[in-house]
Amino acid sequence: MSRQAKVASIDALPRLAAALAKFRSEGASAMEDFETELRRALEWIHVDRKNFWTQELRRAQEALIQARIQLQQAMTTKRIGNNDPSCVDEKRAVERARRRVETAQRKLEAVRHWTIVLDRAADDFRRSTSQFSVWLDIDVSRAISALNQMSDSLVTYISMTRADESAVKTGKAVATDLEPTPESEKHDTEQPFTSQ
């Protein structure tokens, strides 16, 4: 049973292999870009935001201490007899400093929370992208290699076919191992043994 392949263009396989190679290269580059952006985001939450709100909390606590000291000083210096002075401005400063401390504490707690969330998301992302990276490195490389081998085989096949066709046209067809000589031709060419 003979099988034939209808090949319309042998250029399609190398073009497909080149397109896959380009895809692999661009995919690997995109993965590197994703990893860089991920590291930048993690550094921002782990280092930048944590340090900023830690320092902000410390400054707010120092400001609250200063506001309380000023309120205490105002209460003692403005006291007239047994009457406590109102010290409205100093009390407002203490309240503003207290709100600033609370805000910094909330922000620092949010940084801690989102650090955990981002770390988990980064781990999930890295797990999923590692499968894609392996696919790019192994499977796409194998596909490119297979396409190149198919292309080489087709080129070899076509050159052999053309050589056979030109040999037939010039009348110089040669029997090959793939095409054994028919039995009837063998008997015609064999000389019978005769004893004399």
Side-chain angles (χ1 to χ4, degrees), residues 12-151:
L13 292 176
R15 283 198 312 266
L16 180 57
L20 277 176
K22 182 179 178 185
F23 172 76
R24 182 184 59 191
S25 173
E26 289 176 356
S29 176
M31 296 307 298
E32 289 173 11
D33 291 346
F34 284 143
E35 184 61 33
T36 300
E37 289 301 317
L38 182 60
R39 270 189 263 115
R40 189 175 295 149
L42 290 174
E43 184 177 335
W44 180 78
I45 194 84
H46 279 275
V47 179
D48 184 66
R49 293 296 85 196
K50 182 180 177 184
N51 289 345
F52 176 81
W53 287 111
T54 300
Q55 291 172 2
E56 188 63 26
L57 178 60
R58 190 174 345 105
R59 283 193 291 266
Q61 289 169 335
E62 289 171 1
L64 179 59
I65 291 169
Q66 286 299 321
R68 285 180 176 161
I69 290 171
Q70 289 174 356
L71 175 61
Q72 202 63 11
Q73 288 173 347
M75 299 269 298
T76 53
T77 57
K78 294 181 181 179
R79 178 168 285 184
I80 302 171
N82 289 334
N83 296 334
D84 288 333
S86 63
C87 301
V88 175
D89 291 337
E90 290 80 2
K91 287 179 182 177
R92 285 183 184 158
V94 167
E95 189 55 36
R96 276 195 307 272
R98 185 177 297 123
R99 282 196 306 268
R100 188 175 164 197
V101 167
E102 289 170 359
T103 299
Q105 288 172 334
R106 277 196 317 273
K107 296 290 188 176
L108 195 54
E109 188 55 40
V111 166
R112 289 186 190 112
H113 168 75
W114 287 108
T115 297
I116 294 168
V117 170
L118 281 176
D119 285 343
R120 286 182 189 152
D123 289 343
D124 291 344
F125 175 78
R126 285 182 174 131
R127 269 193 297 279
S128 65
T129 56
S130 70
Q131 293 170 354
F132 179 71
S133 295
V134 167
W135 179 78
L136 278 179
D137 290 341
I138 296 173
D139 295 339
V140 174
S141 295
R142 284 181 185 162
I144 292 168
S145 177
L147 287 169
N148 287 331
Q149 287 175 350
M150 286 183 228
S151 177

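Basis for what follows: all heavy atoms, side chains included, without hydrogens, waters or symmetry-related copies. The residues of the chain are indexed from 1 along the displayed sequence.
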Taking distance alone, no hydrogens or angles, what donor-acceptor pairs closer than 3.5 Å link side-chain atoms of residues 135-151 to residues at least two apart or in another chain?
{"residue": "S141", "atom": "OG", "partner": "R24", "partner atom": "NH1", "Å": "2.7"}
{"residue": "S141", "atom": "OG", "partner": "D137", "partner atom": "O", "Å": "2.6"}
{"residue": "N148", "atom": "ND2", "partner": "I144", "partner atom": "O", "Å": "3.3"}

Without placing hydrogens or testing angles, list every side-chain donor-acceptor pair under 3.5 Å for residues 115-124, not counting sequence neighbours.
{"residue": "T115", "atom": "OG1", "partner": "V111", "partner atom": "O", "Å": "2.6"}
{"residue": "D119", "atom": "OD1", "partner": "H46", "partner atom": "NE2", "Å": "2.8"}
{"residue": "D119", "atom": "OD2", "partner": "H46", "partner atom": "NE2", "Å": "3.3"}
{"residue": "D124", "atom": "OD1", "partner": "R127", "partner atom": "NH2", "Å": "2.4"}

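Residues passing the salt bridge (charged side-chain N to carboxylate O under 4.0 Å, His left out) test with R112, sequence neighbours excluded: E109. R59 pairs by the salt bridge (charged side-chain N to carboxylate O under 4.0 Å, His left out) definition with E56, not counting sequence neighbours. Under the side-chain contact (heavy atoms from CB on, under 4.5 Å) criterion, Q61 pairs with L57, V101, Q105, sequence neighbours left out. Legend: residues meeting side chain to side chain donor-acceptor pair (under 3.5 Å) with R92, ordered by chain and number and at least two apart, are absent. Applying the side-chain contact (heavy atoms from CB on, under 4.5 Å) criterion to K107, with sequence neighbours excluded, gives W53, T103. Not counting sequence neighbours, the partners of S29 by the side-chain contact (heavy atoms from CB on, under 4.5 Å) test are D33. When the ring-ring contact (aromatic ring centres under 6.0 Å, His included) test is applied to F125, the partners found at least two apart in sequence or on another chain are F34. Scored by the salt bridge (charged side-chain N to carboxylate O under 4.0 Å, His left out) test, R39 finds E35 as partners (sequence neighbours excluded). Residues satisfying the salt bridge (charged side-chain N to carboxylate O under 4.0 Å, His left out) criterion with E90, sequence neighbours excluded, are K78. A search for side-chain contact (heavy atoms from CB on, under 4.5 Å) contacts involving T54 returns K50, L108, not counting sequence neighbours.
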Item to check | Residues K91, L71; criterion side chain to side chain contact (heavy atoms under 4.5 Å, CB included); working and verdict | outcome: CA-CA 6 Å; K91 287 179 182 177; L71 175 61; 3.7 Å; yes

Item to check | Candidate pair E102 and R99, rule salt bridge (Lys or Arg N to Asp or Glu O under 4.0 Å), full reasoning | outcome: CA-CA 5 Å; E102 289 170 359; R99 282 196 306 268; over 6 Å; no

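When the shell of 6.0 Å around CD of Q55 is examined, it contains more than 12 heavy atoms from other residues, nucleotides or ligands. The local environment of CD in Q72 is sparse, with at most 12 non-hydrogen atoms from other residues, nucleotides or ligands closer than 6.0 Å.
If you take OG1 on T36 and CE on M31, they are separated by 11.0 Å, rounding to the nearest 0.5 Å. The structure places CG of D48 at 7.5 Å from CG of N51, a figure rounded to the nearest 0.5 Å. Rounded to the nearest 0.5 Å, atoms CZ (F52) and CH2 (W44) are 10.5 Å apart. Taking OG of S133 as the reference point, atom CZ of R126 lies at 12.0 Å (rounded to 0.5 Å). Put simply, SG on C87 and CE on M75 are 5.5 Å apart, with the number rounded to the nearest 0.5 Å.
Minimum interatomic distance between Q73 and T76 (heavy atoms only, all atoms of both residues): O-OG1, 2.9 Å.
Within the 4.5 Å cutoff, no side-chain heavy atoms of E43 are placed close to those of R40.
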